[in-house]
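Here is the structure we will look at.
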Amino acid sequence: MSLPKRQPPAELPRPDALAARIEQARAALPGLANSLQRLDLWQQTAATTPATRAVVRAQVGSGKTAVLAHRVLWLHMVQGIALEQMAVTTFTTRAAAQLVDRLIHLLPEPPAAGAFRLFGTLHAVARTLLQSDLDLQGSGWQPGFGVLDEAGSLEMLQTLVRQHSLDVKFPAQWLSRLDGLALGKPVRRGNMRSDDDLQQLAERFAAERRLTNVMNFDDLICQAGAAMATSLAPLLGAVVVDELQDCAPGEVRLVQALAQRSSQFFAVGDPNQSIYGWRGSNPRVFDELTTSLQCDTFDLPNNYRSTPEILAAAQAALGQIGQGSALNSTRATGTKVLVIQHHTPQHEAMYLARRFAQLNQGGVRWSQLAVLARTRRQLAVIREHLQQQGVPCAEPPSGGWRDRPAAAWLLRLLDSAIDTDPQRLRDVLLDNRYGFGTAKLLGKPKPVGIEPTESAAQFWIQHLRAQPGTPGSQLQRQRTEVVAFLQTLLQLQWPMHGDPVADLGLLPRLRPTHRDHARDLRDVRQALQQLMLTSEVQPDRRAALHTLQADGPQALGDQEGVQLLTLHAAKGLEFEHVVLSGCNQGIIPLAAAYADRDALDEERRLLFVGLSRARDSVEISWHMQPAMGQGMPMPSEWLLAMPAAACQFSDRAEALLPAPLPQTQPCTAEWPAGTAVRHAKYGPGAVLRSDASEVVVHFGKFGEKPFALLLCPLQKVPE
DNA sequence: TGAATACCTATTTTT
DNA sequence: TAGGTATTCA
């Protein structure tokens, strides 16, 4: 079968030359030489190159992070470049932390404070440089500028739209529409017939950021890029860039400017994993930088992660657009990639629950099992059904409070109530989802003739009391309700006893009949609980709220569970077993991607990224009856092009399960104390006691939880 | 100004 | 199907 085989290297230095470099490392730091010797020849070659400008095209799973870490050490220990003279950038803060961690372990002695000041995301590095190394003259910003996050941006936009009476459609998409505008994408959405005031909003927003001396994330990159390009910018010892393929145009300019003010430049990435085209990045940055900075190029051709079968499928996903050498598997032949059809996502989830349980019983940790999908909506369906079946699922990666709309609304409410701007509170009170009825309720605020009040909440209490109206009318009753609501808010005391949600009168706001009610309630409870904890350290209410905003929601429980991730979120991770769920035509590639060649290629790379996450096995599924808007009832055209030598096609999921699991038993009062049970969220636990109506279970760190027998979401663990 | 109706599109997400 | 916007009519 035509599986990738080990290929001879294209260009390697003579063995004695490489050995000499290792000895050079040994003289500087024996541990570095030992560590280098554990790398393969291509990795060694790149990490120790004498070239001062180098770009590494790393194939997937080829150990590029190891090369990057060794390069930094080489530059530091052998070339004598101080760590604080290096700018080292990664795609996420997490990746940066892991790199620093790795370096600290390899360094002979603990680094001085500030040694890693320029290690971080490009944004973090740009911010540090702008705050302490670069000249802001002429930029419109002053030293000591602040940084505007998403919530801050939205608030500023809201104020601008109001102040200037702008008409800007799709409030929920203002930020993405502004990003699109900057990238030159069409500005119309939905059934807009004509342009709105988006352009004007963009201009006013840019001016306002300078006026209030705050930068958004794009400003950081652009301003740092511009300031670095001047002769006044500081000279750096080395610039090292990870995930080069994901650099957007502004980031490429910053990287170039950094490289030009540095004696060493080293960049690593994989053009086949460029999946952020919608932010403006594209796989051509490798060629562009190689040319413009006259870089030497290096390859890392060996994949240490996946079986040959998985790599063959991944290679097939890329088709003709694959870049660099063919993928070389260093692993023995494994099982074939399974291409499987299911009736619906629900059917798949039932099947997966059994399949995962078997793997888990066979010793595979839950967190080594991953379900990847193109969209988050697809994952939500699978998650719901897996949890129903008692499979522990890791929490989705948190996107801050914005993923929890009710909690985000509550935080905005608490903040704007004690703020002085009545308009802000008005927006919150009239919120479509959680607010009170219509604009008529509050009337138009008249800033003139109203006594200055201490807070926006007081303003509205006074204002509503002064509204004319028929006593007893529905409108008046609602006004009384709002006044009472605001008064409760103002009297808020920590710590709260009883149920804060009920005490604050939040229950009616959380739409008790809505299908998201349970989630909203949970989020709001969590927000209030976190706020209470934050308030203990930070008694000032506004400061506590701002800290809470910045920190985001804390992860619930531990993360030991099946990982459900979008293809984007899975980048950089690896798992023993991977399920690519819902690969229907219209989803992979997304129907919209057919309009644009680059977008279509990017969908191929997404499939490639998904497949190449797996070490041992992959299942690709498609659904004969996908949910509405989730693709057509046929497999992705790319599944049909998968190599028969490496894949097994199946239409009967059941036949693939060796033996049915023991039937789970319904919850009964018969369970003696000590019975092992499992709960979808709390995981394994043991029965403490039970009676005719409820059973009480102890779940390790979650403590004791009572469950009503009638609605018991527990499963007895088979003995 | 507001209710009722027609009509459009559907991602991905780091800082 | 849902969550928006646009249009129409009272």
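Because only heavy atoms are used, hydrogens play no part in the values below, and waters and symmetry mates are left out as well, while side chains stay in. Letters go in sequence order (proteins before strands), and every chain restarts at 1.
- A side-chain donor-acceptor contact under 3.5 Å links A/E243 and A/Q245.
- For A/K169 and C/dA6, the shortest distance from a side-chain N or O to OP1 or OP2 is below 4.0 Å.
- Candidate nucleotides B/dT11, C/dT5, B/dT15 were compared by shortest atom distance to the side chain of A/P171, and C/dT5 ranks first.
- Side-chain nitrogen and oxygen atoms of A/T93 include at least one within less than 4.0 Å of the OP1 or OP2 phosphate oxygen of B/dT15.
- The A/F170 side chain lies nearest to C/dT5 when the options are C/dT5, B/dT15, B/dT12.
- With distances taken from any side-chain atom of A/H568 to the nucleotides B/dT13, B/dT14, C/dA6, the minimum falls on B/dT13.
- Checked against B/dT11, B/dT15, B/dT13, the side chain of A/R376 finds its nearest nucleotide in B/dT13.
- B/dT11 is unpaired under the criterion used here, namely a Watson-Crick or G-U wobble arrangement in which both key atom distances are under 3.5 Å.
- Among the atoms of the strands shown, none is found under 4.0 Å from any heavy atom of A/S176.
- Comparing atom distances between the A/R279 side chain and each of B/dT15, B/dT14, C/dT5 picks out B/dT14 as nearest.
- Nucleotides C/dG3 and B/dT12, compared at atom P, are 15 Å apart to the nearest Å.
- Taking the six-membered ring where tryptophan is involved, the planes of A/H623 and A/H342 are tilted, since the angle between them lies from 30° to 60°.
- With A/F205 as the aromatic partner, A/R209 meets the cation-pi criteria of under 6.0 angstrom to the ring centre and within 45 degrees of the ring axis.
- Nearest nucleotide to the side chain of A/W278, out of B/dT15, C/dA6, B/dT13: B/dT13.
- The same atom, P, is picked in C/dG4 and in B/dT11; the two are 12 Å apart, to the nearest Å.
- Looking at heavy-atom distances under 4.0 Å, A/R127 makes no contact with the nucleic acid at all.
- Between A/H123 and A/F217, the angle of the ring planes goes over 60°, which puts this pair in the perpendicular group of the 30/60° scheme.
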